[in-house]
Amino acid sequence: MKILLTGANGQLGSELQATCPTAITLIPTDYHTLDITQPQQIAAALAQHQPDVIINAAAYTAVDKAESDVERAYAINHLAAETLARESAQRGIYLLQVSTDFVFDGLQSTPYLPEANAKPLGVYGASKLAGEQAVQALCPSAAIVRTSWLYSAYGNNFVKTMLRLMAERDSLGVVADQIGTPTWTGTLASALWSFVAQQPQGIFHCADNGVASWYDFAVAIQEEALALGLLSKAIPIKPLRSDEYPTPARRPAFSVMDRRATEQQLGYTLPHWRVSLRQMLTELKQQSVTA
Ligand SMILES: NC(=O)c1ccc[n+]([C@@H]2O[C@H](COP(=O)([O-])OP(=O)(O)OC[C@H]3O[C@@H](n4cnc5c(N)ncnc54)[C@H](OP(=O)(O)O)[C@@H]3O)[C@@H](O)[C@H]2O)c1
């Protein structure tokens, strides 16, 4: 099986490259080799490589910057997904489109089902939702896989930022009134490889299990990093309200997603986020030892 991967140098793309099953021929592409906002580049890449599957891991993911960079966010998250969907439908390619919990407004207090009403609060979520809708309209055989609070040993993310700040500072304040689920790219990549084999259609919620606030997540990062020797001292971490940490983009207060249908599809229970965090930090430690 041949798979064309977009956004191959991002967090998820890098994890997919590192974990690709040997039976799969992976064609990793990123901005410099395949700019997904250029329809003719997509057509040429598909004509050249003739993939069976496309995994679209490319995205405009700068949530705050998107508020003032609307056109670019839509070009990547909406229009490029639309092109990939059209081409996939025409060529009989199975498309895996990755999306986000930020399509929800966060007003629910129970986990969002895949069919729940999506109502994004910001440009990033709205552009990703527009991408989802285009994929559903043009390529009904595709799967849209929503994930949340993604972090990885590759690239920049909340975990790495926390580790840096915890080493540099004497104390830290972290938002405690936004609830969601941190998800390791390792969890998502494993699920996506199963999806490649099973080729289900529709919208799926794929995140680690459990819930946390960003504050809880930060506390856990410190505890696990201390236990692994990635940090040498503990600092006080203070819970903040969102209004004490203003950002250009509004974020959902509650974006936990119901993963039961995904677990049924996969045939296994997704790991708890804390177990995944430990795995990621262990990987990070190994990287620092071998570097
Ligand atoms: N990060 C999260 O917390 C989070 C949460 C929920 C869902 N998601 C979704 O999960 C997926 C993977 O996210 P991630 O965290 O791995 O993102 P990421 O680390 O930001 O990676 C995205 C990749 O896409 C590339 N890219 C941007 N514009 C492109 C273009 N025009 N053509 C080709 N490649 C382009 C980026 O390249 P450059 O770096 O060179 O721009 C980057 O390598 C995305 O669909 C995202 O929306 C992420």
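Side-chain atoms are counted along with the backbone in the values below, which use heavy atoms only and exclude waters and symmetry mates. One is the number of the first residue; the rest follow in order along the sequence. We count ligands from 1, going down the list as the structure has it; atoms in each ligand are counted the same way.
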Q: For Y124, is at least one N or O under 3.5 Å away from an N or O on ligand 1?
A: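 It does: an N or O of Y124 is found under 3.5 Å from an N or O of ligand 1.
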
Q: May I ask you to list the atoms of ligand 1 that are less than 4.0 angstrom from any heavy atom of A59?
A: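 Listed by number with element, the hits are 22 (C), 24 (O), 27 (C), 44 (C), 45 (O), 46 (C), 47 (O).
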
Q: Is it the case that the ring center of W149 lies less than 6.0 angstrom away from the ring center of W214?
A: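 Distance test on ring centres: under 6.0 Å, yes.
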
Q: Could you check, using the six-membered ring where one of them is a Trp, whether F158 and F217 have ring centers closer than 6.0 angstrom?
A: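 Aromatic pair counts; centres sit under 6.0 Å.
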
Q: Give the contacting part of L150 toward ligand 1: side chain, backbone, both or neither, where contact means a heavy-atom distance below 4.0 Å.
A: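 Looking at L150 and ligand 1, atoms from backbone and side chain both fall under 4.0 Å.
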
Q: Going by atom types only, do Q97 and E132 share a side-chain donor-acceptor pair under 3.5 Å?
A: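 Judged by distance alone, the side chains do not pair up.
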
Q: Between D64 and R251, does the salt bridge (charged side-chain N to carboxylate O under 4.0 Å, His left out) criterion hold? Intermediate values first, please.
A: CA-CA 10 Å; D64 288 318; R251 288 161 166 76; 3.0 Å; yes

Q: Which atoms from ligand 1 have a heavy atom of G7 less than 4.0 Å away?
A: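 Atoms satisfying the 4.0 Å criterion: 23 (C), 24 (O).
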
Q: Tell me, which protein residue and heavy-atom name are nearest atom 20 (O) of ligand 1, and how many Å apart are they?
A: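 Closest protein heavy atom to atom 20 (O) of ligand 1: T61 OG1, 2.7 Å.
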
Q: Classify the ring geometry of F104 against H205: parallel below 30°, tilted from 30° to 60°, perpendicular beyond 60°.
A: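 Answer is perpendicular, since the angle exceeds 60°.
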
Q: If I apply the N/O under 3.5 Å rule, does K128 come out as touching ligand 1?
A: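 In this structure, K128 places an N or O atom under 3.5 Å from an N or O of ligand 1.
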
Q: I'd like to know whether the aromatic ring centres of Y60 and Y74 sit less than 6.0 Å apart in this structure.
A: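 Y60 vs Y74: aromatic centres not under 6.0 Å.
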
Q: Tell me the contacting part of N157 for ligand 1: side chain, backbone, both, or neither, using a 4.0 Å heavy-atom threshold, strictly below.
A: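 The answer is neither.
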
Q: Return the residue, atom name and 0.1 Å-rounded distance of the protein heavy atom closest to atom 37 (O) of ligand 1.
A: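 The closest heavy atom on the protein side is D30 OD1, 3.5 Å.
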
